[in-house]
Every structure is written in structure tokens, then in C-alpha cells.
Amino acid sequence: VYRSLEFRVERGQRVALLGENGAGKSTLLKILAGVLPIDYGERQVGYGVSLHYFAQHQADVLNQAHTVLDSLQEVAPQADLPWLRAVAGTFLFHDDDQFKPISVLSGGERSRVALARMLLNPANTLLLDEPTNHLDPALVDVLSDALLDFPGTLVFISHDPVFLTRMATRVVEIEDG
């Protein structure tokens, strides 16, 4: 997709990747995450940088037999149950909803579980590929507020103009490789 690329993100930036579908936004995010190998050149991650990558279809990799709480406990086995329940509640899973199996959740609910899992193990850099897909407007606001409070670095793709306006401190337009 890219003929030549030099891309640098500074600490604390909130970089929005914009471009037409198929322009290479997700490809760039995968390269930054180390998920997609590059043919030549190098990918350098700064000293002390820890990354979390949220793929467009991240929710699809959840264990369908697990409950919401099981899924959270899977990534934070040392956490106590009251704290996990509080995290689930933050992502709008209350009371009996926390015991629903992943298999019966809607796409938006699965995305909420995947986002909660990502945030249980803190990183200082988040790479988010369309994190607002499948989320209702109220939850987009909750996610936006949480990300605005996040002290780290963000690189994200979104087609939601309100989310872009609230989040981005820098915009990178991708076109024609």
C-alpha cells in the first residue's frame, strides 16, 4: 500500500488518520502496532512505550462461552471481583448483564467488552481502529470522555465527525500510498 513512509508520533499527541476507504489507514495502524510486518525499513517504538491495539473486529476474538465478567477476568486474573464488576459497570454492564455470555451480546456490547479488556491492562499508547463502530451515541460520549482523560498517546481511525473533533490534536490525511 505504501511506496515510502516516514511517520512519527510524539508523546501525548492524539493523531487521527483520515482518508478514503482502502487508502491504507488500517494498514498503517497495523504497522504501528507491529501486527503487520514491513517489507523494508524499520519500525521504532520509543523507550518506555507500551502499546494497545484495538482492531476493527477486535470483538470477534472474544471467547463466546465466557460471560462478560469471565472475559474481563481473563485479561486481569489478579483483579478482585468487586473491581471487575465496577469496570463492567463503567462500560454499562450492570447487575445480571455482567453474567451474560458473550455469544448473546450485540455487536456494540461486544465492542464494549473488548474496550474494557484493553483498558484493564494499562498502556501509554492506544492504537484504535474505528473504536466507535457499533456504539450508540451515549456510549461514544462515555468513550470520548474516558479517552480525553487518558494521559497517553492516541492514534486512531474514525469516521465519526464529533469524535474526531473532540479527540484529534493532529490529523494525518492518507491518500495514494
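Since we're looking at a predicted model, the values are computed, not measured.
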Could you verify whether a donor N or O on one side chain and an acceptor N or O on the other, from [X] and [Y], lie under 3.5 Å apart?
{"X": "Asn133", "Y": "Glu130", "value": "yes"}
{"X": "Asp70", "Y": "Thr67", "value": "yes"}
{"X": "Thr153", "Y": "Arg14", "value": "no"}

Check your understanding: Are the side chain of Glu175 and the backbone of Ala23 linked by a donor-acceptor contact shorter than 3.5 Å?
Key -> no
Review point. Judged by atom type as modelled, is there a donor-acceptor pair below 3.5 Å linking the side chain of Asn124 to the main-chain atoms of Ser50?
Key: yes
Would you say the side chain of [Y] lies within less than 4.5 Å of the side chain of [X], judging by non-hydrogen atoms?
{"X": "Lys30", "Y": "Lys25", "answer": "no"}
{"X": "Leu127", "Y": "His52", "answer": "no"}
{"X": "Leu128", "Y": "Met118", "answer": "yes"}
{"X": "Leu135", "Y": "Phe163", "answer": "no"}
{"X": "Leu32", "Y": "Phe7", "answer": "yes"}

Point to revise | Exceeds 12 heavy-atom contacts within 6.0 angstrom, atom CZ of Arg43 | key: yes
Review point. More than 12 foreign heavy atoms under 6.0 Å from CD of Glu74: is that the case here?
Key: yes
To the closest 0.5 Å, what do you measure between [atom1] ([X]) and [atom2] ([Y])?
{"X": "Leu92", "Y": "Arg112", "atom1": "CG", "atom2": "CZ", "value": "5.0 Å"}
{"X": "Lys100", "Y": "Leu105", "atom1": "NZ", "atom2": "CG", "value": "6.5 Å"}
{"X": "Ser144", "Y": "Leu139", "atom1": "OG", "atom2": "CG", "value": "9.0 Å"}
{"X": "Ile102", "Y": "His66", "atom1": "CD1", "atom2": "NE2", "value": "9.0 Å"}
{"X": "Leu69", "Y": "Phe93", "atom1": "CG", "atom2": "CZ", "value": "10.0 Å"}

